[in-house]
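Everything on this sheet refers to the single structure shown next.
Below, each value reflects all heavy atoms present in this structure, side chains not excepted, and no hydrogens, waters or symmetry copies. One-based numbering, in listed order, for ligands and for the atoms of each.
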Amino acid sequence: MFNFFDYLPTKYQASARDWQVRKYVWAFKDGKCAVSAAQLVAKKIREQFGTSVSDMVFACIPASSQRKNEIRYREFSEEVARLSGTVNGYSHITVEGERLAIHESKSGKHVNDVQVINFDKEFFKDKKVLVFDDVITLGYSYARFACHLESFGASVIGGMFLAKTLFV
Ligand SMILES: O=P(O)(O)OC[C@H]1O[C@@H](O)[C@H](O)[C@@H]1O
């Protein structure tokens with residue numbers, strides 16, 4: 001498990017550095033810094049796993065709707081895979097419906113039942129998978145996603161996150 005930045009929720013007073021991270025995370029969610037984030041992530045993958053990654057799938061936990069997922073992850077995931085040598089999992093996961101995207105509230109985590117994530121189960125069977133999400137807060141999204149993948153016979157080898165929420 002690895003996170004690049006620490007995300008300070010907006011209810012806390014932020015330093016200039018905290019603001020920089022917040023803005024970067026928000027921009028990433030809007031698909032505005034896919035290439036720079038991909039360079040960061042691919043570099044870390046290479047450092048951590050070397051060149052033995054050609055059989056490893058890079059899979060992003062989908063955003064709250066297919067449209068947002070495309071904006072956030074299509075280019076990013078393609079670029080991470082290209083730069084790191086991993087297999088791009090993007091087209092093997094799709095989203096139906098929309099869940100409310102509440103990032104900082106614990107109660108918000110219950111509003112999750114209108115989104116359906118479709119996995120290409122045959123594709124993931126027997127694959128090693130590195131999971132990515134923009135933000136990890138309590139870890140529920142990661143745990144749920146990893147459990148799903150493993151139920152199809154994949155081995156989840158870890159998670160990378162752009163940022164980890166502080167003080168939750
Ligand atoms: O499930 P936890 O880790 O609490 O929250 C992470 C989720 O909250 C959102 O900001 C992220 O995009 C991610 O989907």
Side-chain angles (χ1 to χ4, degrees), residues 1-14 17-42 44-45 57-81 86 88-120 124 129-152 154 156-168:
M1 304 281 265
F2 180 82
N3 60 289
F4 295 87
F5 304 107
D6 290 324
Y7 176 85
L8 187 69
T10 51
K11 65 182 170 188
Y12 298 106
Q13 210 172 2
R17 171 64 185 161
D18 296 326
W19 268 111
Q20 212 179 7
V21 172
R22 280 178 184 167
K23 286 181 178 169
Y24 190 66
V25 169
W26 295 340
F28 178 81
K29 282 177 179 282
D30 291 339
K32 289 178 183 151
C33 45
V35 172
S36 71
Q39 286 166 349
L40 205 64
V41 172
K44 185 70 197 171
I45 293 174
V57 179
F58 181 73
C60 301
I61 301 180
S64 56
S65 69
Q66 184 63 14
R67 192 182 61 83
K68 287 182 186 159
N69 195 49
E70 250 182 74
I71 292 169
R72 193 173 302 168
Y73 287 127
R74 194 172 56 79
E75 185 187 13
F76 168 74
S77 187
E78 195 177 305
E79 197 61 3
V80 170
T86 52
N88 184 4
Y90 176 81
S91 63
H92 300 278
I93 299 166
T94 55
V95 181
E96 269 176 58
E98 177 153 16
R99 79 180 141 92
L100 290 185
I102 298 172
H103 318 300
E104 297 171 4
S105 139
K106 285 182 189 173
S107 60
K109 298 303 161 193
H110 301 295
V111 190
N112 198 23
D113 47 4
V114 288
Q115 183 200 43
V116 176
I117 300 176
N118 296 311
F119 294 87
D120 177 349
F124 282 106
V129 183
L130 176 63
V131 172
F132 179 87
D133 203 355
D134 50 10
V135 176
I136 184 165
T137 301
L138 295 172
Y140 293 153
S141 306
Y142 171 74
R144 199 165 33 230
F145 189 77
C147 279
H148 262 108
L149 287 170
E150 297 212 324
S151 75
F152 316 136
V156 173
I157 55 173
M160 277 191 189
F161 308 90
L162 198 56
K164 181 180 187 327
T165 307
L166 294 174
F167 309 131
V168 285

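The distance criterion of under 3.5 Å between nitrogen or oxygen atoms is met by Gly139 with respect to ligand 1. Among the atoms of Arg72, none of the N or O lies under 3.5 angstrom from an N or O of ligand 1. Considering backbone and side-chain N/O of Tyr142, none are found under 3.5 Å from N/O of ligand 1.
A perpendicular orientation is assigned to the rings of Tyr12 and Phe167, their planes being inclined by more than 60° (bins at 30° and 60°). Between Phe76 and Phe28, the two ring planes are perpendicular [angle over 60°; tilted spans 30° to 60°]. Relative orientation of the Phe119 and Phe145 rings is tilted, given thresholds of 30° and 60° on the angle between their planes.
Checking side-chain atoms of Arg22 against main-chain N and O of Pro9 turns up a donor-acceptor pair under 3.5 Å.
Near Tyr140, meaning under 4.0 Å from one of its heavy atoms, ligand 1 places the atoms 1 (O), 2 (P), 3 (O). The ligand atoms of ligand 1 that sit less than 4.0 angstrom from a heavy atom of Asp134 are 11 (C), 12 (O). Heavy-atom proximity to Ile136, at under 4.0 Å, picks out these atoms of ligand 1: 3 (O). Per-residue contacts place Ser141 under 4.0 angstrom from the following atoms of ligand 1 (heavy atoms of the residue considered): 1 (O), 2 (P), 5 (O), 6 (C), 7 (C), 13 (C), 14 (O).
Between Glu98 and Lys68 there is a salt bridge, since a side-chain N of the basic residue sits under 4.0 Å from a carboxylate O of the acidic one.
With sequence neighbours excluded, the residues forming a side chain to side chain contact (heavy atoms under 4.5 Å, CB included) with Asp30 are Lys32, listed by chain and number. Considering only residues two or more places apart in sequence or on other chains, Asp133 meets the salt bridge (Lys or Arg N to Asp or Glu O under 4.0 Å) condition with none of them.
Using 4.0 Å as the threshold, Lys29 has a heavy atom nearer than that to some atom of ligand 1.
Cation-pi check for Lys44 over Phe4 is not met; the charged atom does not lie both under 6.0 angstrom from the ring centroid and within 45 degrees of its normal.
Considering only non-hydrogen atoms, atom 14 (O) of ligand 1 lies nearest to Asp133 out of Asp133, Thr165, Leu162.
At a 4.0 Å heavy-atom cut-off, ligand 1 does not touch Ile61 at all. Both the backbone and the side chain of Leu138 come within contact range of ligand 1, each with a heavy atom under 4.0 Å.
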